[in-house]
Chemist: 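Got a structure for you, written out below as structure tokens; questions coming shortly.
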Amino acid sequence: MGEGISDYTKFTVDLRRHMWKASVEMDLRRLIWQIAVMGKYISAKIHESHRKLAGFKNIYGEEQLTLDRSADEILKNQLEYSGFVREYASEERDAVIQIGKGDEKYFITADPLDGSSLVDTNLSIGTIIGIHKESILAEGKKTLAAAVYITYGPLITMVYSAGKGTHEFVLNREGEYVLSEENITLKERGDIYSLGGLRKEWTPAHLKYIEFLEKEGYKLRYSGGFVPDINQVLIKRGGIFTYPALKKSPNGKLRLLFELQPMAFIIEQAGGMATNGKQDILSIKVTELNQRCPIYIGSRFEVEKANEFLANG
Ligand code: AFP
């Protein structure tokens with residue numbers, strides 16, 4: 001191998017080496033690695049679909065699945081018989097399924113392709129995974145062992161935390177996930193905000209909070225994709241993403257189990273906060289699979305401010 005290449009590998013830390021150095025438990029390392037590898041298959045599916053959703057027939061005349069269902073199939077098939085996963089719950093399925101023999105260590109929650117409605121606009125979308133040590137119908141704080149999200153954008157990046165900090169990897173041309181940002185730490189406050197829901201649907205308390213941020217000069221950053229929007233808060237080291245309680249939907253839109261718990265785990269590991277405006281996301285008990293929850297997630301100052309405005313009503 002030429003000197004250049006060996007230098008290159010010498011200075012790059014790939015995902016498996018990083019997790020080994022961080023003493024992440026072996027089965028968890030292997031599971032996180034498998035999930036990262038699936039990101040490549042899901043990305044290939046996105047490109048193969050020419051940015052369109054269902055309704056396409058493949059060369060055999062078979063109806064093609066929508067991208068999020070294809071992504072769900074890829075995740076389930078890869079995790080099945082992996083030896084690490086006992087149960088699999090997905091936003092694409094209406095029940096938890098047992099995919100192991102019944103004695104495996106981990107329970108997976110998946111939003112296989114969040115923001116799939118953006119695929120035809122060529123905006124970034126993502127996969128969100130929660131890795132739980134026990135049954136998922138409980139408080140996230142007690143059951144989550146790790147969380148992963150993958151962003152399919154100009155680059156494919158993967159962010160994970162196994163409870164020892166939050167770290168980002170970029171998929172390189174050789175198909176390896178190489179460390180790009182280690183121990184990401186949010187500042188006390190940032191200067192960007194992402195706002196979900198229609199303004200006319202917001203509660204008065206939420207509106208007052210947003211007007212506060214606008215008066216403080218926060219810059220609006222909203223793509224309609226939770227993964228790229230929260231990823232921007234993380235990588236820019238601060239700011240807030242919120243999808244609030246709405247007048248007609250008091251629990252907001254995003255799902256506690258599949259979207260919010262994994263992101264709350266990752267953001268808290270980066271020194272940030274995640275609440276529903278009153279209570280930490282990770283201390284909210286999950287009582288049903290598709291439970292929705294308002295979300296305020298990002299750096300400490302903005303989330304604490306949100307809690308304050310909502311407490312004052
Ligand atoms: P889709 O998965 O249907 O595209 O929804 C994406 C999403 O769940 C989340 O990723 C966004 O933050 C949120 O919806 C955007 O919702 P609005 O379209 O109401 O702004």
Side-chain angles (χ1 to χ4, degrees), residues 39 42-43 45-46 49 51-55 65-75 89-94 109-130 147-153 157 159 192-203 206-207 210 213 220-236 239-267 272 274-277 281 289-298 302-303 306:
I42 293 174
S43 168
K45 202 78 193 162
I46 294 167
S49 71
R51 297 206 304 258
K52 290 298 174 195
L53 298 179
L65 293 175
T66 58
L67 270 177
D68 26 23
R69 284 182 52 209
S70 305
D72 177 58
E73 281 300 309
I74 290 168
L75 285 165
S90 160
E91 202 177 275
E92 299 305 316
R93 297 168 190 264
D94 52 16
T109 63
D111 182 355
L113 207 55
D114 184 83
S116 51
S117 64
L118 299 171
V119 169
D120 56 356
T121 67
N122 201 23
L123 279 171
S124 297
I125 56 178
T127 295
I128 308 171
I129 303 285
V148 179
Y149 71 84
I150 299 168
T151 309
Y152 309 101
T157 55
V159 170
I192 57 175
Y193 65 138
S194 267
L195 303 172
L198 296 176
R199 205 173 189 94
K200 66 181 171 69
E201 286 294 308
W202 291 345
T203 61
H206 180 75
L207 183 57
I210 298 305
L213 293 178
L220 179 58
R221 295 288 183 270
Y222 192 70
S223 75
F226 181 42
V227 170
D229 288 343
I230 191 63
N231 186 60
Q232 184 166 188
V233 169
L234 182 75
I235 300 304
K236 295 297 182 191
I240 187 157
F241 174 96
T242 167
Y243 205 108
L246 303 173
K247 288 172 188 160
K248 290 195 194 108
S249 355
N251 291 321
K253 174 180 183 183
L254 301 191
R255 290 177 176 79
L256 176 59
L257 193 54
F258 301 113
E259 294 161 315
L260 303 184
Q261 277 189 347
M263 285 304 189
F265 185 86
I266 285 170
I267 289 291
T275 74
N276 63 356
I281 290 293
L289 277 185
N290 275 326
Q291 190 170 334
R292 295 173 193 267
C293 180
I295 180 74
Y296 295 83
I297 181 170
E302 288 89 338
V303 177

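First listed ligand is number 1; within each ligand, the first listed atom is number 1. What you see below is based on every heavy atom in this structure, not just the backbone, and it leaves out hydrogens, waters and symmetry mates.
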Chemist: Backbone, side chain, both or neither: what part of F241 comes under 4.0 angstrom of ligand 1, heavy atoms only?
Modeler: side chain
Chemist: Provide, to 0.1 Å, the distance between atom 2 (O) of ligand 1 and the closest protein heavy atom, together with that atom's residue and name.
Modeler: G115 N, 3.0 Å
Chemist: Which is closest to atom 16 (O) of ligand 1 by heavy-atom distance: R255, E259, K253?
Modeler: K253
Chemist: Hey, which of L260, D111, I125 is the one that makes side-chain contact (heavy atoms from CB on, under 4.5 Å) with F226?
Modeler: L260
Chemist: Does T121 use its side chain to pair, donor to acceptor, with the backbone of L118 at less than 3.5 Å?
Modeler: yes
Chemist: With atoms numbered from 1 as shown, which atoms in ligand 1 lie under 4.0 angstrom from a non-hydrogen atom of S116?
Modeler: 2 (O), 4 (O)
Chemist: Counting non-hydrogen protein atoms only, what is the nearest one to atom 19 (O) of ligand 1? Give residue, atom name and distance.
Modeler: Y243 OH, 2.7 Å
Chemist: For L113 and A71, work out which heavy atoms get closest and say how close.
Modeler: CB-CB, 4.2 Å
Chemist: Could you tell me the residue and atom name of the protein heavy atom closest to atom 11 (C) of ligand 1, and the distance to it rounded to 0.1 Å?
Modeler: G224 O, 3.2 Å
Chemist: Of all the non-hydrogen atoms in the protein, which one sits nearest to atom 4 (O) of ligand 1, and at what distance?
Modeler: S117 OG, 2.6 Å
Chemist: Counting only heavy atoms not in N290, do more than 12 fall under 6.0 Å of its CG?
Modeler: yes
Chemist: Pick one of side chain, backbone, both or neither for how L118 approaches ligand 1, counting any non-hydrogen atom pair under 4.0 Å.
Modeler: neither
Chemist: Less than 3.5 Å between some nitrogen or oxygen of G197 and one of ligand 1, yes or no?
Modeler: no
Chemist: List ligand 1 atoms under 4.0 Å from Y222, heavy atoms only on the residue side.
Modeler: 15 (C), 16 (O), 17 (P), 20 (O)
Chemist: Under 4.5 Å between any side-chain heavy atoms of I42 and T127, yes or no?
Modeler: yes
Chemist: Between R221 (side chain only) and S194 (backbone N and O only), is there a donor and an acceptor less than 3.5 Å apart?
Modeler: no
Chemist: I need the atoms of ligand 1 closer than 4.0 Å to a non-hydrogen atom of F226, numbered in the order shown.
Modeler: 9 (C), 10 (O), 11 (C), 12 (O)
Chemist: Between I128 and P262, what is the shortest heavy-atom contact and its length?
Modeler: CG2-CB, 3.6 Å
Chemist: By number and element, which atoms of ligand 1 are closer than 4.0 Å to a non-hydrogen atom of L254?
Modeler: 8 (O), 9 (C)
Chemist: Would you mind checking which non-hydrogen protein atom is closest to atom 10 (O) of ligand 1, with the distance to 0.1 Å?
Modeler: D114 OD2, 2.4 Å
Chemist: Between N276 (side chain) and I281 (backbone), is there a donor-acceptor pair under 3.5 Å?
Modeler: no
Chemist: Run the side chain to side chain contact (heavy atoms under 4.5 Å, CB included) check on Y149 and D114 step by step: do they pass?
Modeler: CA-CA 10 Å; Y149 71 84; D114 184 83; over 6 Å; no
